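Just so it is clear, the model here is predicted, and its values are computed rather than measured.
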Amino acid sequence: MKDKPLHLRPREKLFDRGLDSLHNHELFSILLGFGIKGRSVEELSKSLAQVSPQVMKRMTSRELLSMPGLGRAKVATVLAAIELGKRFFSPKSEVEVKVEKTEDVLPLLRGILTGRQEKIVAIYLSASHMVLDTQVIAIGTSTMCIAHPRDILWHGIVAGAVGVIIAHNHPSGSLEVSEADRQFTRRLDEACDLVGFALLDHLIITKQGWARVE
């Protein structure tokens with residue numbers, strides 16, 4: 001990491017450009033701090049970043065310790081960060097939320113759909129419209145984010161949900177609904193119908209407000 005120019009090192013990037021500018025392996029580099037003999041912190045971090053978020057959040061200390069170069073201190077740091085993320089961003093960790101109108105989900109989305117990158121978030125609901133889970137499905141660039149309906153449906157099935165609300169942000173601040181937004185909504189709606197799942201809404205969120213994709 002010392003071989004990199006100062007402005008490209010993860011900590012400096014964080015303070016200069018913000019958290020959204022960091023790749024997953026750079027976030028792991030900040031957590032791990034330093035490498036070990038024979039393996040740099042960048043190598044260790046990239047091996048962690050190759051694990052999918054769905055798998056990572058369910059990994060045990062034993063499984064992480066089996067990865068080359070990760071000792072007890074580094075594993076404890078990674079597990080603590082994952083657990084804090086679960087506690088801070090899972091609506092189930094605080095109070096139960098019932099969705100009766102669109103505005104009820106906005107507080108769940110405002111803190112996630114921020115920054116310079118476009119993100120797609122899914123909120124999964126029970127038959128009584130209680131929030132069961134919230135997942136960041138994909139993170140893209142400042143102008144585009146791509147997700148596949150199967151990724152959205154898989155999380156819903158795992159959560160035991162019967163319906164989903166999809167939302168994405170426009171970092172530009174525009175609330176204009178694009179043709180790509182409409183096409184994605186139609187594809188997802190068709191996929192939901194095939195498995196008996198309900199697409200309840202698709203929203204665009206910006207600092208200025210929100211819009212519905214229809």
Side-chain angles (χ1 to χ4, degrees), residues 1-94 108 111-124 132-159 168-169 171:
M1 195 65 70
K2 291 181 179 179
D3 296 333
K4 282 192 170 186
L6 191 63
H7 70 282
L8 293 180
R9 298 177 190 176
R11 288 179 184 172
E12 281 67 30
K13 282 181 66 176
L14 185 155
F15 289 110
D16 291 343
R17 308 182 202 173
L19 281 167
D20 285 331
S21 71
L22 299 178
H23 298 289
N24 287 350
H25 74 271
E26 292 175 312
L27 294 171
F28 278 122
S29 289
I30 292 174
L31 285 175
L32 298 180
F34 53 87
I36 60 170
K37 187 176 181 179
R39 294 200 80 189
S40 67
V41 67
E42 191 168 17
E43 290 175 312
L44 294 176
S45 300
K46 285 183 176 179
S47 67
L48 282 169
Q50 288 174 352
V51 181
S52 72
Q54 293 77 21
V55 172
M56 177 63 71
K57 70 181 182 180
R58 292 178 174 82
M59 289 187 77
T60 65
S61 58
R62 185 185 298 274
E63 290 170 330
L64 283 170
L65 284 168
S66 69
M67 297 180 69
L70 294 184
R72 292 174 63 87
K74 293 187 187 304
V75 166
T77 299
V78 171
L79 288 175
I82 293 170
E83 182 61 24
L84 280 173
K86 290 178 183 177
R87 294 184 185 188
F88 284 3
F89 297 110
S90 171
K92 294 186 291 185
S93 64
E94 299 295 335
L108 303 177
I112 304 174
L113 293 176
T114 58
R116 303 173 188 174
Q117 293 169 293
E118 191 168 307
K119 303 171 189 173
I120 297 176
V121 174
I123 297 178
Y124 298 98
L132 298 176
D133 196 9
T134 301
Q135 291 285 343
V136 178
I137 302 299
I139 300 176
T141 67
S142 60
T143 58
M144 185 189 331
C145 189
I146 299 173
H148 196 282
R150 67 169 174 264
D151 300 322
I152 296 168
L153 293 174
W154 184 83
H155 285 292
I157 292 169
V158 170
H168 73 277
N169 60 320

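- Annotation: side chain of L64 is in contact with side chain of M56 (closest heavy-atom distance under 4.5 Å).
- Counting heavy atoms from C-beta outward, M59 and V75 have side chains that stay 4.5 Å or more apart.
- Note: H23 NE2 to K46 NZ = 9.5 Å, rounded to the nearest 0.5 Å.
- Distance alone, capped at 3.5 Å, places no donor-acceptor pair between the D133 side chain and the G156 backbone.
- The distance from the OG atom of S29 to the CG atom of L48 is 9.0 Å, given to the nearest 0.5 Å.
- The two atoms that bring L44 and G69 nearest to each other are CD2-CA, 3.7 Å, heavy atoms only.
- Considering CD of Q135 and CD1 of I152, their distance stands at 11.0 Å, rounded to 0.5 Å.
- Geometrically, K74 engages F34 in a cation-pi contact, judged by NZ or CZ lying under 6.0 Å from the ring centre and within 45° of the ring axis.
- Put simply, the side chain of L14 does not reach to within 4.5 Å of the side chain of L27, judged on heavy atoms.
- To the nearest 0.5 Å, atoms CD1 (I139) and CD1 (I120) are separated by 10.5 Å.
- Closest non-hydrogen pair, I30 versus P10, comes out as CG1-CB, 3.7 Å.
- Considering only heavy atoms from C-beta on, P171 comes within 4.5 Å of E118 through its side chain.
- Here CG of L65 is found 8.5 Å from OG1 of T60. Values are rounded to the nearest 0.5 Å.
- A 4.5 Å side-chain heavy-atom check between N169 and V121 finds every atom pair outside the cut-off.
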